[in-house]
Amino acid sequence: MTDSPRVNIGKQHPAAYKALIALSSQAEEATAAAGLDPLLVELLRIRTSQINGCAFCLRMHTRDALKKGENPDRIAVLPAWEETGYFSETDRAALRLTEAITRVPDGHVGDEDYSAAAAVLTADQISAIAWLATVMNAFNRVAITSRHPVGT
């Protein structure tokens, strides 16, 4: 970490940050309308933040997931979700798609990942997950760039 202060880009351009919050609300509404479990939505936010290394968002969404009743074991094994029996077919499809979207720089959302998601998820669910991942990646970048403080 550097000692030089960072500009909090959300405070520097509050209208842009408010627009991101509004987009986040729309994405969350889309997940609910698509019938996605609110606990899964939090897990997708956590997984995106794990991949991006965003401590601020990890702390926030882990707390949110626990408040909503998420099993701490599922959160603990989330980085290795493929190796566990904790996740349903829908969870797995959503996690795989979210990871592919988050890792776009590693090779885009491949046909294999997309087809695997499409075999389980509806078009509404795919779209809602894609918007959620897009928004979460944006929030991660805001927090990481601004170095939102976590702990002391």
Side-chain angles (χ1 to χ4, degrees), residues 1 5-72 74-75 78-79 81-82 87-151:
M1 254 187 161
R6 294 283 182 118
V7 171
N8 181 323
I9 65 173
K11 290 181 180 175
Q12 191 69 32
H13 289 96
Y17 193 70
K18 286 179 184 177
L20 183 57
I21 291 170
L23 181 58
S24 178
S25 294
Q26 289 294 311
E28 184 151 4
E29 287 176 21
T31 64
L36 294 168
D37 184 334
L39 294 178
L40 173 59
V41 170
E42 289 303 331
L43 290 177
L44 298 176
R45 288 175 172 141
I46 293 167
R47 186 66 190 124
T48 301
S49 300
Q50 288 172 335
I51 293 167
N52 289 325
C54 183
F56 183 84
C57 293
L58 277 167
R59 180 187 61 186
M60 178 173 41
H61 293 294
T62 297
R63 287 176 176 175
D64 290 347
L66 291 169
K67 283 180 193 172
K68 290 178 181 178
E70 181 56 77
N71 179 340
R74 284 184 11 130
I75 296 170
L78 192 55
W81 62 266
E82 291 177 285
F87 302 97
S88 71
E89 187 178 32
T90 298
D91 296 342
R92 291 173 175 283
L95 284 162
R96 184 174 182 173
L97 182 60
T98 297
E99 286 185 359
I101 292 166
T102 300
R103 291 187 169 125
V104 162
D106 295 341
H108 297 263
V109 179
D111 291 340
E112 186 178 325
D113 291 325
Y114 189 89
S115 294
V120 177
L121 303 169
T122 68
D124 279 347
Q125 290 172 328
I126 289 170
S127 181
I129 290 165
W131 279 110
L132 183 74
T134 298
V135 169
M136 198 63 236
N137 275 282
F139 274 123
N140 287 167
R141 281 147 179 79
V142 168
I144 290 167
T145 300
S146 300
R147 288 233 174 101
H148 288 194
V150 179

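Position 1 is the first residue of the sequence, and the numbers go up from there. The figures that follow rest on heavy atoms only: side chains count, while hydrogens, waters and symmetry mates do not.
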Do [X] and [Y] have side chains that approach each other closer than 4.5 Å (heavy atoms only, starting at C-beta)?
X: Phe139; Y: Ile21; result: yes
X: Cys57; Y: Met136; result: yes
X: Ile51; Y: Asn140; result: no
X: Thr62; Y: Leu66; result: yes
X: Gln50; Y: His61; result: no
X: His13; Y: Lys18; result: no
X: Tyr17; Y: Ile9; result: no
X: Arg141; Y: Asn52; result: yes

Exercise. May I ask you to decide whether Glu89 forms a salt bridge with Arg92, counting only side-chain N to carboxylate O separations under 4.0 Å?
Key: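 The answer is no: the pair does not qualify as a salt bridge.
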Practice problem: Salt-bridge test for Glu42 and Arg63: reply yes if a basic N is under 4.0 Å from a carboxylate O, no otherwise. | Solution: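 Result for this pair is no, no salt bridge flagged.
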Return yes when atom [atom1] of [X] has more than 12 non-hydrogen atoms of other residues, nucleotides or ligands closer than 6.0 Å, and no otherwise.
X: Lys68; atom1: NZ; result: yes
X: Phe87; atom1: CZ; result: yes
X: Asp111; atom1: CG; result: no

Self-check item: Shortest non-hydrogen contact between Asn8 and Ser146, atoms and distance
Solution: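 Minimum heavy-atom contact is CA-OG, 3.6 Å.
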Quiz item: Looking only at heavy atoms, what is the nearest atom pair of Ile101 and Ala130, with distance?
Solution: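 Distance-wise, the nearest heavy atoms are CD1-CA, 3.6 Å.
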In Å, rounded to the nearest 0.5 Å, how long is the span from [atom1] of [X] to [atom2] of [Y]?
X: Ile126; Y: Leu121; atom1: CD1; atom2: CG; value: 5.5 Å
X: Leu78; Y: Leu44; atom1: CG; atom2: CG; value: 8.5 Å
X: Asn71; Y: Leu39; atom1: CG; atom2: CG; value: 9.5 Å

Self-check item: Identified side-chain contact (heavy atoms from CB on, under 4.5 Å) partner of Leu43 from the options Thr98, Asp91, Ile75
Solution: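 Result for side-chain contact (heavy atoms from CB on, under 4.5 Å) with Leu43: Ile75.
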Exercise. Using side-chain contact (heavy atoms from CB on, under 4.5 Å) as the criterion, point out the one residue from Ile46, Asp64, Val150 that pairs with Arg59.
Key: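 One option only clears the test, and that one is Val150.
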Does [Y] offer a backbone N or O that forms a donor-acceptor pair with the side chain of [X] under 3.5 Å?
X: Gln125; Y: Thr122; value: yes
X: Asp113; Y: Val109; value: no
X: Arg96; Y: Ala116; value: no

Self-check item: Any residue meeting side chain to side chain contact (heavy atoms under 4.5 Å, CB included) with Ala30, in chain and number order, not counting sequence neighbours
Solution: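 Ala128.
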Practice problem: Determine whether the side chains of Trp131 and Glu28 contain a donor N or O and an acceptor N or O closer than 3.5 Å. | Solution: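 No, no side-chain donor-acceptor contact under 3.5 Å.
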